Every structure is written in C-alpha cells, then in structure tokens.
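Below: one structure, written as structure tokens.
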Amino acid sequence: MSKIAPISGFPEYSPGQRIVEQRFLDVIRETFELHGFASIETRAIEPIERLRSQGEDADKEIYGIARLAGGDAEGMRWGLHFDLTVPFARYVLENAGTLEFPFRRYQIQKAWRGERPQEGRYREFTQADIDVVDVGTLAPHFEAEMPLVVADVFEKFPIGDFVIQVNNRKLANGFYAGLGITDVAGTLRIIDKLDKIGPDAVADLLTAAGCTATQAQACLDLAAIRTPDLGFVDQVRALGVDHPLLDEGLDALAAVIETAAANAPGRVVAALKIARGLDYYTGTVYETQLVGHEDWGAVCSGGRYDALASDGRTTYPGVGISIGVSRILGLLFGHGRLAATRSTPACVLVAVTDEASRPASTAVATALRARGIACEVAPKADKFGKQIRYADRRRIPYVWFPRDDGDQVKDIRSGDQVAADPAAWTPPAADLRPDVLMGD
C-alpha cells in the first residue's frame, strides 16, 4: 500500500471537533428556517464554462473533473463548484417554472477551491448560504434583511464579538465614475486588496492602472470612511464627487444601515472599503469580521447580484450571503478557542455486570434512548472501576448500574449515586448533550 499521509487543504475533524461543527450547523439551520428560508441541495459539479464566466480569476479556483478512462476531452467539461451562488443561479433557471417567487433558499454544502491552503483557507470546505431571488426586479428591503439573519446566527455562536461591514457597489461605482475613472471594475478589484497589502501598495496599483495621484487618493479617502450610523453620507458628500449612481448607492446603503440600527443595534457598520472581488455583485455587499481578530479577514460575506441568473429573456435578480463554516471553525480550532465538553454524544454509560447480563444492560439503554437520552453500553464486562474509568476518559458524566435490587446511576464527577428507573430518570438538561466552550 502507498504511504498514508494527510492531503493539505482537506481538513478532517476529531470527534470532539465534529461535535462542535454539528452544533454550529444546527444553529445555522434552525436560524435560517426561523427567517423563512427553505433548504435545497445542488449537485457538486457545474459546466466549466459556467464556472469560468464568474470572473477573471475563476480558472484558478476550479477543480476539473475527469474519469480516469474518459480522457480529457470528455472529462474536463465539468468542474467542482467553488461557491454555492453559481450553482444556485443555475438551479433557479432550471426550476423557475415550479418555484414560488420571491424564492428564499438556504444551502449548506461542501465546496472546492483550488487555492493555496493556509490558516482558515481550504481546498474543501463547508459553506452555509442564504439567498432571495425574484423575477425581473428585487425589492431593496431584501438587501437590508441579509445582515439581520447573519447577526441572529452569530449572536448564538460561542465566538465573541463580531461586526458586519456593509457597502454598496453603486456607491463605489458612481464615485469612481464621478472621478473620471474608466476601469471601474478594475479599480474595485484593487481596492479589495486594501486589507491584504495596505493603502500605499493600493495607491501604487491604482496609479499603475491609469489613475492620477489625485484620483487614487480620492479612492483611498472613500475607502477610509467607516461609520456605525448615517454619518457616512455627509463624509462622502464632503469628498466633492457627484454622479447619479453615487446618489443611488448612498440611498441604498442608508436604508440598510437604518434597518440594522433598529433591529440589530451595534452589529452593522457602513465600511466603504468593502468591495468584494467577484464581478457579479451589483448592489449591497457584506463582510463579517470577528472583533479582535480582524487579521483573520472575512468569515461571512455576500452581496446583491442582478444578472447572475438569466435565460436571455427573463432575469432573476437576487441577494445572498455566505457563512464560511469551515473557515470560522478552522481559525478557532487552530487558536484553541473552541472545544466540546466531551467527544461523544453519550451522557450515560450503561455498565455490564457480566456478559450473561448484557441483554439487561441493552434493555436499559433502549429505554433511555427512547426518551431522548444518548447512551452507550460498556464494551466489556470489566470490573466496575475500569468501566467508570472508561466513561471518565470519554467524559461521559453518568454510569448506570443495572441491579437485581434496583438500578442505580452515578454522577462520576461528584460521586453521587442514586436509585434510578430507566423509564423515569432524566439528567439535567446541561448534561444531555455536549456543550461547546470558548477559550481565551
């Protein structure tokens, strides 16, 4: 056999980490459904031409799919999706005749991206997306709804403080056009590098791309504006640039900030450096950061798109946001910030007196499970001390002892042992399943 070795960029979690991941996914799923989003799942592959159409850097992202016996000519027609927005747009086009619009969907799936693995960035990862799409036009209030859903999710995560940064592509595009810059899309992509390379390097790139020094400085001045309220409007106006598209963007962003202030106070800020590099965004864009860990970058992002889903006759504009589940967990695990209180869902170990009495122990476990109490039966009929140590290693808090004169259950943390009936005994709610703890 070939030597077994991990493959970089394809994380595999321990049982305890997997418990944490499942808890996060439960929170996401339940919160998305509280906001009225319905679940779908799309296939893992899309035509390479469609994936390539999503920007000049798309080729770097795509893992092509080929059958070993099929040859490149047939196999490389498809690639693994590198996000969930592109397959969702295709899904809308294929199923438009049966969907109810505006269509609200959530999707929690794996994606694959051909980038260099590093902390918090993987080649295989899980995303959790929500989108709202409509036919022909999409009401702007949906753009204000996205950060409310994200704030609701993140409030329930044991991850500390966070902030959702919001900007609007129309605001940025109108500002650049008002300055006389012709390559608006290219300017956005350069501004999107601010956090990675800093303002001086961005200014150099802008001038190299054809901007004057005055234009480059104005772009940086715009990107420096950040307010938790509507103060950004006056700050932008003070820069002295006029353009109709800029006016539209200011109004749209102001509506998002007002809605957020009323429904998720302190969680959303107008940050005019947010650009998002993907070409299909046309309106509001979002990036979420963990406070105190801004160097980790965005852990949740998205935006509005008006032309991503179109069959040539009808356009289905939408707005969506994506939570980088693997990114968040990878960063927090890597820094020792998250852990489960135990590595098994079982909160009870049912002891086995001897192998002849194993059926009685199994019957106890069956009765407990029927009442929603996770448990396992001891793997061996060892001395009870060994069985208790087995439970302790796995941090199972209770050991159940079937007895002819009446069963007993022991809390091995405190040493308390009491009589118990499997048809009636219930542990404290906090012990029913593993908890997720956040470290310093």
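Keep in mind that this is a model prediction, so the values were computed, not measured.
- Side-chain rings of Y316 and F101 approach one another, their centers coming within less than 6.0 Å.
- Cation-pi geometry between R113 and F82 is not satisfied (NZ or CZ under 6.0 Å from the ring centre, within 45° of the ring normal).
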- Message: Let's go through D131 and Y305 carefully: what are the C-alpha distance in whole Å and the side-chain angles of both, what is the deciding distance for side chain to side chain donor-acceptor pair (under 3.5 Å) to 0.1 Å, and is it a yes or a no?
- Response: CA-CA 10 Å; D131 284 81; Y305 47 89; 2.6 Å; yes
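- Environment of NZ in K156: crowded, with over 12 heavy atoms of neighbouring residues, nucleotides or ligands closer than 6.0 Å.
- When all heavy atoms are compared, the tightest approach of V184 to A177 is CG2-N, 4.4 Å.
- Remark: of the listed residues L308, D83, T42, V133, V133 is the sole one forming a side-chain contact (heavy atoms from CB on, under 4.5 Å) with F88.
- The CD atom of Q165 sits 8.5 Å away from atom CD of E294, with the distance rounded to the nearest 0.5 Å.
- Using a cut-off of 4.0 Å between Lys/Arg side-chain N and Asp/Glu carboxylate O, E21 and R18 are scored as salt-bridged.
- Remark: the backbone N or O of G186 is paired with a side-chain donor or acceptor of D183 at under 3.5 angstrom.
- Although no hydrogens or angles enter the test, the distance criterion places a donor-acceptor pair under 3.5 Å between the side chain of H81 and the main chain of K110.
- Electrostatic pairing of R394 and E376 counts as a salt bridge here, judged by a charged N lying under 4.0 Å from a carboxylate O.
- With salt bridges taken as basic N to acidic carboxylate O contacts below 4.0 Å, one links R104 and E145.
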- Derivation and outcome, salt bridge (Lys or Arg N to Asp or Glu O under 4.0 Å), residues R29 and D26: CA-CA 5 Å; R29 186 181 304 108; D26 288 344; 3.0 Å; yes
- Between K170 and T282, does a side chain to side chain donor-acceptor pair (under 3.5 Å) hold up when you go through it step by step? CA-CA 7 Å; K170 291 180 180 179; T282 56; over 6 Å; no
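- In terms of heavy atoms, I130 sits closest to M146 at CD1-SD, 3.8 Å.
- For Y106 and F32, the gap between ring centers is short of 6.0 Å.
- For N168, the side chain to side chain donor-acceptor pair (under 3.5 Å) partners at least two apart in sequence or on another chain are T284.
- Of all heavy-atom pairs spanning C347 and D431, the tightest one is CB-O, 3.1 Å.
- Ring geometry, F157 versus F24: the interplanar angle falls under 30°, so the pair is classed parallel (tilted spans 30 to 60°).
- Here salt bridge (Lys or Arg N to Asp or Glu O under 4.0 Å) pairs that include residues 303-332, with residues two or more places apart or in two chains, are E143-R304, R304-D306, D311-R313.
- Proximity of a side-chain donor or acceptor of R189 to a complementary backbone N or O of K193 within less than 3.5 Å is not detected.
- For R267, the side-chain contact (heavy atoms from CB on, under 4.5 Å) test picks out A151, E155, D161, F162, A264, with sequence neighbours left out.
- For T227 (side chain) and F232 (main-chain N/O), a donor-acceptor pair under 3.5 Å exists by modelled atom type.
- Not a single donor-acceptor pair under 3.5 Å links the side chain of R105 to the backbone N or O of F37.
- Within a 6.0 Å sphere centred on CD of E100, other residues, nucleotides and ligands contribute 12 heavy atoms or fewer.
- Salt bridge status for E46 with R90: present, with a side-chain N to carboxylate O gap under 4.0 Å.
- Note: W296 and H335 have tilted aromatic rings, judged against thresholds of 30 and 60 degrees for the angle between ring planes.
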- I would like to know whether Q127 and S322 meet side chain to side chain donor-acceptor pair (under 3.5 Å); could you show each step before the answer? CA-CA 6 Å; Q127 288 188 189; S322 174; 3.1 Å; yes
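- Residue V291 comes nearest to V163 through the heavy atom pair CG2-N, 4.2 Å, listed as atom of the first residue, atom of the second, then distance.
- Classified by interplanar angle (parallel below 30°, tilted 30° to 60°, perpendicular above 60°), the ring pair F10/Y63 is tilted.
- Taking each heavy atom of N173 and L188 in turn, the nearest pair found is OD1-CD1, 3.2 Å.
- In this structure, R52 contributes its side chain and P47 its backbone to no donor-acceptor pair below 3.5 Å.
- Judged by a 6.0 Å distance limit and a 45° cone about the ring axis, R413 is positioned over the six-membered ring of Y398.
- Under a 4.0 Å N-O distance rule, the pair R237/D234 does not qualify as a salt bridge.
- Proximity of a side-chain donor or acceptor of E33 to a complementary backbone N or O of E30 within less than 3.5 Å is not detected.
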